[in-house]
Amino acid sequence: MTADTALLERKTEAIEKKPEASSKTAVSARAPSGKKIVVIGVPLDLGQSRRGVDMGPSAVRVAGLEARLEALGHIVEDAGNIAVAIPEQKKEGSARAKYLKEITATCTKHAELVLKTLEAGKTPLVLGGDHSVAAGTMAGVAEFHRRQNQKAGLIWIDAHADLNTPETSPSGNVHGMPLAAIMGLAPTELANIMGFSPKVQPENCVVVGVRDIDEAEKENIRKTGVEVYTMRDIDERGMRTIIEEALRSAGRGTAGYHVSLDMDWIDPEDAPGVGTPVRGGATYREAHLAMEIIADHGRMSSFEIVEVNPVIDEHNQTANLAVELAISAFGKKIL
């Protein structure tokens with residue numbers, strides 16, 4: 001079976017299962033126990049060359065994130081946006097890691113806010129920006145658990161592994177490096193936010209849905225020892241099996257796990273407005289199934305959505321889907 005044939009079959013199944021917009025659509029149950037959720041916007045776009053993801057947090061908010069979470073019974077507080085620099089204000093610095101100084105400064109501020117949110121007994125819901133913001137999110141999450149002598153897990157859902165370093169990156173764009181920083185490789189500045197590294201142990205870090213990996217990056221995957229499930233794994237074994245295995249790995253010996261969702265994981269047909277689109281991604285229903293299983297397990301400590309780019313989106317389709325997936329991750333059920 002070719003990759004295109006597999007994708008077509010999965011899309012056909014997804015279309016058949018996609019809910020119709022009618023009054024007869026099954027209504028979701030309210031969340032069994034409401035969480036206190038803090039929305040944190042990080043409109044950072046210094047990590048990549050294509051502009052527009054800095055407007056991602058606004059697009060997701062406009063799509064009704066807060067109201068739809070509250071409809072599930074959650075209490076939602078919007079902390080606004082972290083202040084970030086824009087390329088017009090700064091020099092890009094080293095071509096091997098562009099705007100690294102500014103990205104590190106933003107991620108450090110962001111990590112501190114994530115830490116305070118968790119210490120207050122609340123759940124951070126982070127809106128990017130490009131995926132380099134995850135280095136800050138995970139630093140805050142890991143520090144919170146470290147102070148309690150606990151470990152954190154990480155589910156990285158992405159078309160890309162983001163395990164490049166300044167030495168291996170073909171572009172020098174830092175949004176391709178945050179997982180490398182989280183795992184303690186490089187860049188050093190990002191890796192050492194909060195003063196320790198790595199943020200997650202390899203056995204508790206799982207990458208799901210990759211289909212576009214740089215050649216030099218493959219060695220970094222082997223070096224870190226993170227568990228990686230490609231789109232072929234999902235094609236062959238099914239989303240449920242893959243996500244269940246990923247959650248077991250991320251949850252083994254940890255106090256919970258952070259879920260980092262790059263919207264380019266989903267096929268561009270359903271999510272056209274992303275920073276780095278790649279054909280052959282998860283279908284609409286596969287993406288929802290993954291989020292629903294995560295909600296069922298009940299051990300997600302924090303959640304983030306990144307790389308929504310309204311500049312190249314179609315009628316805010318990608319931001320709307322991002323909201324749908326977020327509410328599935330926070331407990332929405334079909335029945």
*May I have the step-by-step check of side-chain hydrogen bond (donor to acceptor under 3.5 Å, both in side chains) for Thr168 and Asn164, ending in yes or no?*
CA-CA 6 Å; Thr168 65; Asn164 267 306; 2.7 Å; yes
*Hydrophobic clusters join Ile, Leu, Val, Met, Phe, Trp and Tyr when side-chain heavy atoms are under 4.5 Å apart, directly or via other members; which others share one with Met55?*
Val311, Ile312
_Salt-bridge criterion met for Arg61 and Asp78 (N-O under 4.0 Å)_ = yes
*asked:* Hydrophobic cluster membership, with links at side-chain heavy-atom distances under 4.5 Å among I/L/V/M/F/W/Y: are Val306 and Met300 in one?
replied: no
_Check Arg237 with Glu245, please: is the shortest side-chain N to carboxylate O separation under 4.0 Å?_
yes
*Going by distance alone, is a donor N or O of one side chain under 3.5 Å from an acceptor N or O of the other, for Asp162 and His175?*
no
*asked:* Can you give me the closest heavy-atom contact between Leu321 and Ala271, atom names plus distance?
replied: CD2-CB, 4.3 Å
*Is a side-chain donor or acceptor of Arg211 paired with a backbone partner of Val278 at a separation under 3.5 angstrom?*
yes
*asked:* How close do Val38 and Ala79 get, counting heavy atoms only, and between which atoms?
replied: CG1-CB, 3.8 Å
*Considering all heavy atoms of both residues, which atom of Ala134 and which atom of Ser260 are nearest to each other, and what is their separation?*
CB-OG, 4.0 Å
*Quick one: which residue pairs count as a salt bridge (Lys or Arg N to Asp or Glu O under 4.0 Å) with a foot in residues 212-226, not counting sequence neighbours?*
Glu215-Lys218, Glu219-Arg222
*Under 4.5 Å between any side-chain heavy atoms of Arg248 and Glu244, yes or no?*
yes
_For the residue pair Ser249 / Asn204, report whether a side-chain donor-acceptor contact shorter than 3.5 Å exists._
no
_Please tell me whether Gln48 and His131 have a donor and an acceptor in their side chains that are separated by less than 3.5 angstrom._
no
*Return the orientation label for the Phe303 and Phe330 ring planes: parallel under 30°, perpendicular over 60°, tilted otherwise.*
perpendicular
_Using the rule given for salt bridge (charged side-chain N to carboxylate O under 4.0 Å, His left out), can you reason through Glu167 versus Arg96, listing the C-alpha separation, both sets of side-chain angles and the distance that settles it, and then say yes or no?_
CA-CA 7 Å; Glu167 290 69 37; Arg96 289 188 172 277; 6.0 Å; no
*Do we see a donor-acceptor contact under 3.5 Å between the side chains of His258 and Thr137?*
no
*Lys109 atom NZ, neighbour heavy-atom count above 12 within 6.0 Å*: yes
*Would you mind telling me which of Lys332, Arg285, Arg240 makes a salt bridge (charged side-chain N to carboxylate O under 4.0 Å, His left out) with Glu292?*
Arg285
_Salt-bridge contact Arg50-Glu307 (side-chain N to carboxylate O under 4.0 Å)_ = no
_Salt bridge or not between Arg252 and Glu203? Use side-chain N to carboxylate O under 4.0 Å._
no
*With side chains defined as the heavy atoms from C-beta onward, is the minimum distance between Leu127 and Ile40 less than 4.5 Å?*
no
_Transitive ILVMFWY side-chain link Val228 to Val208, under 4.5 Å_ = no
*Is the shortest heavy-atom distance from the side chain of Leu179 to the side chain of Leu154 under 4.5 Å?*
yes
*Please indicate whether Arg232 has more than 12 foreign heavy atoms, meaning atoms of other residues, nucleotides or ligands, lying under 6.0 Å from its CZ.*
no
*asked:* So which atom in Cys205 and which in Met183 form the shortest heavy-atom distance, rounded to 0.1 Å?
replied: SG-SD, 3.9 Å
*So do His110 and Val126 actually touch side chain to side chain, heavy atoms under 4.5 Å?*
yes
*Which atom of Met194 lies closest to which atom of Ala139, heavy atoms considered*: CG-O, 3.9 Å
*Cation-pi check, Lys199 onto Phe196 ring (under 6.0 Å, within 45° of axis)*: yes
*How about Val84 and Asp54: do any of their side-chain heavy atoms sit closer than 4.5 Å?*
no
*Transitively linked via ILVMFWY side-chain contacts under 4.5 Å: Trp265 with Val308?*
yes
*Who are the ring pair (Phe, Tyr, Trp, His ring centres under 6.0 Å) partners of His288, not counting sequence neighbours?*
Tyr284
*Going through the checks in order, is the side-chain hydrogen bond (donor to acceptor under 3.5 Å, both in side chains) test met by His160 and Asp264?*
CA-CA 8 Å; His160 310 87; Asp264 70 22; 3.1 Å; yes
*So which heavy atom on Ser197 is nearest to which on Asn192, and how close?*
CB-OD1, 3.6 Å
*Same cluster for Val141 and Leu113 if Ile/Leu/Val/Met/Phe/Trp/Tyr side chains link at under 4.5 Å?*
yes
_Side-chain ion pair, Asp296 and Lys333, N-O less than 4.0 Å_ = yes
_Under-4.0 Å salt bridge between Glu119 and Lys116_ = no
*Check the hydrophobic clustering (I, L, V, M, F, W, Y; side-chain heavy atoms under 4.5 Å; chains of links allowed) and say if Val53 and Met177 are grouped together.*
no
_So Ile266 and Met263, do their side chains get closer than 4.5 Å, heavy atoms only?_
yes
*asked:* With heavy-atom distances below 4.5 Å as the criterion, would you say the side chains of Val323 and Leu69 are in contact?
replied: no
*4.5 Å side-chain heavy-atom contact, Tyr99 and Pro87*: yes
